[in-house]
Undergrad: 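This is the structure, below, for whatever I ask next.
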Amino acid sequence: MFLLTPLQEEWALLFNYILPYRELVQGTVVDVNKTRAKIHTHQVCSFLITLSRDLSSYYGRVRVLLEPRAHLLPVMFARLHLMKGIQQVMHNGLSLLGIHPITQM
């Protein structure tokens, strides 16, 4: 089985989850009337489950926090921004489902 390099995995997280999130939300909300909307929660759940699986796989193989060496800082900051974007998508998706995400474990 072909394994993606970390750079490809990072692009996959961006293009498969962060960028299409807005369209997912727009596609799952069906207007019932002007004051209410229906959300197809199964689509949001499937999206978040797949995101969680792919993020866990990525995070298990890639070191996000690197040694504080000057030549590694751009990579570390780029990965931290990617994680922040994933966090925002997860929090928004969970909020749509009425779930309050935890901040610490």
Side-chain angles (χ1 to χ4, degrees):
M1 183 171 137
F2 177 72
L3 294 176
L4 296 174
T5 64
L7 182 61
Q8 290 171 325
E9 285 180 314
E10 291 159 355
W11 284 110
L13 288 171
L14 177 68
F15 284 115
N16 293 335
Y17 299 105
I18 295 175
L19 296 179
Y21 178 72
R22 182 178 178 171
E23 288 81 25
L24 169 84
V25 172
Q26 290 173 342
T28 59
V29 176
V30 179
D31 289 332
V32 175
N33 61 40
K34 292 190 183 279
T35 59
R36 303 182 99 180
K38 181 178 179 180
I39 298 174
H40 295 288
T41 55
H42 67 283
Q43 293 175 343
V44 177
C45 289
S46 295
F47 179 85
L48 293 176
I49 290 168
T50 306
L51 169 57
S52 298
R53 184 189 66 228
D54 290 349
L55 177 62
S56 178
S57 175
Y58 166 78
Y59 198 78
R61 283 193 299 273
V62 176
R63 291 188 63 199
V64 174
L65 296 176
L66 303 169
E67 297 293 324
R69 297 184 183 150
H71 70 284
L72 296 176
L73 291 178
V75 173
M76 182 178 72
F77 288 129
R79 288 178 177 164
L80 287 171
H81 283 289
L82 176 65
M83 293 299 105
K84 186 66 176 170
I86 294 291
Q87 177 191 33
Q88 188 65 48
V89 167
M90 291 289 287
H91 281 226
N92 289 345
L94 291 171
S95 293
L96 281 175
L97 300 172
I99 299 171
H100 300 287
I102 58 172
T103 57
Q104 291 183 356
M105 289 189 86

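Because only heavy atoms are used, hydrogens play no part in the values below, and waters and symmetry mates are left out as well, while side chains stay in.
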Undergrad: Is there a side-chain contact between Leu19 and Leu14, using heavy atoms and a 4.5 Å cut-off?
TA: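 Contact flag for Leu19/Leu14 side chains = yes.
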
Undergrad: Rounded to the nearest 0.5 Å, how far does CD1 of Ile99 lie from SG of Cys45?
TA: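 These two atoms lie 6.5 Å from each other.
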
Undergrad: Would you say that Pro101 contacts Gln87 through its side chain, given a criterion of any heavy-atom pair below 4.5 Å between the two side chains?
TA: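 Result no, sub-4.5 Å side-chain heavy-atom pair not found.
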
Undergrad: Cluster question for you: counting only ILVMFWY and a side-chain heavy-atom cut-off of under 4.5 Å, with indirect links fine, are Phe15 and Tyr59 together?
TA: yes

Undergrad: Mind checking the CG-CG spacing from Asn16 to Asp54? Nearest 0.5 Å is all I need.
TA: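 Going from the CG atom of Asn16 to the CG atom of Asp54 covers 7.5 Å.
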
Undergrad: Hydrogens and angles aside, do Tyr58 and Glu10 bring a side-chain donor and acceptor to less than 3.5 Å of each other?
TA: yes

Undergrad: Treating Ser57 as the side-chain partner and Arg53 as the backbone partner, does any N or O pair qualify as donor plus acceptor under 3.5 Å?
TA: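 No, the answer is negative, given that no donor and acceptor are paired below the 3.5 Å cut-off.
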
Undergrad: Show your working on side chain to side chain contact (heavy atoms under 4.5 Å, CB included) between Lys38 and Val29 and close with a plain yes or no.
TA: CA-CA 6 Å; Lys38 181 178 179 180; Val29 176; over 6 Å; no

Undergrad: Any chance you could lay out the side chain to side chain contact (heavy atoms under 4.5 Å, CB included) test for His100 and Leu94, step after step, and finish with the verdict?
TA: CA-CA 7 Å; His100 300 287; Leu94 291 171; over 6 Å; no

Undergrad: Look up atom CG in Asn92 and atom CG in Leu24, then write down how far apart they are to the nearest 0.5 Å.
TA: 11.5 Å

Undergrad: Rounded to the nearest 0.5 Å, how far does OH of Tyr17 lie from OG1 of Thr50?
TA: 5.0 Å

Undergrad: Which is it for Phe47 and Val89 under the side chain to side chain contact (heavy atoms under 4.5 Å, CB included) test, yes or no, and what are the steps along the way?
TA: CA-CA 10 Å; Phe47 179 85; Val89 167; 3.7 Å; yes

Undergrad: Quick check for you: to the nearest 0.5 Å, what is the distance between Trp11 atom CH2 and Leu82 atom CG?
TA: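 One finds 10.0 Å between CH2 of Trp11 and CG of Leu82.
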
Undergrad: Measure the spacing between NE2 of His91 and OG of Ser95 and express it to the nearest 0.5 Å.
TA: 8.0 Å

Undergrad: Can you check side chain to side chain contact (heavy atoms under 4.5 Å, CB included) on Leu48 and Leu97, steps first, answer last?
TA: CA-CA 11 Å; Leu48 293 176; Leu97 300 172; 3.9 Å; yes

